[in-house]
Q: 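Attaching a single structure in structure tokens format; questions to follow.
What you see is a predicted model, and the numbers here were worked out from it, not measured in a lab.
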Amino acid sequence: MTALATLAVWVPALCLAVSLLLASVTGCAANEAGTVVCMRAGIDIAVPISMLGIMGWAMLPMIPFMAGSVLFWVGYVLIVVGRWGFSRLRRG
């Protein structure tokens, strides 16, 4: 359940990253103000790139939750690694 919540919080950032990656790879402009025709394989991909980029704005209210999820998972990993290390010490 926690992994699903983390994924839901990070979806806007992932959409923005995919938009910027697609724009970079295809040589298209990632523009929020409007779309510039970008034909690749006979398909205009400017609108999907623009829509994914606009999803990045949903990231702004999510920033505290994103930070919280990072802190949670860092703490979780530290606890798991600490328990693993402690159990190895006990076994000798």
Side-chain angles (χ1 to χ4, degrees):
M1 188 67 171
T2 307
L4 267 158
T6 301
L7 180 65
V9 167
W10 283 89
V11 163
L14 294 173
C15 287
L16 180 62
V18 167
S19 167
L20 295 174
L21 179 70
L22 281 174
S24 176
V25 168
T26 60
C28 297
N31 189 358
E32 299 170 353
T35 59
V36 178
V37 176
C38 181
M39 299 297 283
R40 297 293 181 261
I43 301 169
D44 184 15
I45 62 169
V47 173
I49 289 175
S50 177
M51 290 303 203
L52 284 170
I54 290 172
M55 277 292 295
W57 284 104
M59 185 174 54
L60 290 177
M62 294 291 182
I63 289 174
F65 301 107
M66 292 165 73
S69 71
V70 168
L71 290 175
F72 171 80
W73 286 108
V74 166
Y76 180 79
V77 167
L78 288 175
I79 288 171
V80 168
V81 168
R83 285 185 178 174
W84 176 76
F86 184 69
S87 68
R88 283 192 74 188
L89 286 174
R90 286 182 52 198
R91 279 188 249 159

Q: Do you reckon W84 sits in the same ILVMFWY cluster as V74, going by side-chain contacts under 4.5 Å, direct or chained?
A: no
Q: Taking the inter-plane angle between the rings of Y76 and W73 on a 0 to 90° scale, is it parallel (under 30°), tilted (30 to 60°) or perpendicular (over 60°)?
A: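 Aromatic pair Y76/W73 classed perpendicular.
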Q: Taking C-beta and beyond as the side chain, do V70 and W10 meet within less than 4.5 Å on heavy atoms?
A: yes
Q: About how many Å separate CG of L16 and CE of M55, when rounded to the nearest 0.5 Å?
A: 10.0 Å
Q: Applying disulfide bond (SG atoms under 2.5 Å apart), name anything that partners C28, two or more places apart in sequence or on another chain.
A: C38
Q: For the CE atom on M51, are there more than 12 heavy atoms of other groups (residues, nucleotides or ligands in this structure) within a distance under 6.0 Å?
A: no
Q: Between R40 (side chain) and I45 (backbone), is there a donor-acceptor pair under 3.5 Å?
A: no
Q: In the single-linkage hydrophobic clustering (I, L, V, M, F, W, Y; side-chain heavy atoms under 4.5 Å), do M62 and L4 co-cluster?
A: no
Q: Roughly how far apart are L14 CG and L52 CG, rounded to 0.5 Å?
A: 10.5 Å
Q: Between I49 and L20, is any pair of side-chain heavy atoms under 4.5 Å apart?
A: no
Q: Using 0.5 Å steps for rounding, measure from the OG atom of S19 to the CD1 atom of I54.
A: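 With rounding to 0.5 Å, OG (S19) is 9.0 Å from CD1 (I54).
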Q: So, the side chain of S50 versus the backbone of A46: is there a donor-acceptor pair under 3.5 Å, distance only?
A: no
Q: Quick check: does any side chain N or O of T6 sit under 3.5 Å from a backbone N or O of T2, one acting as donor and the other as acceptor?
A: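 It does hold such a pair.
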Q: Supply the atom-to-atom distance L60 CG to M66 CE, rounded to the nearest 0.5 angstrom.
A: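 Result: 9.5 Å between the selected atoms.
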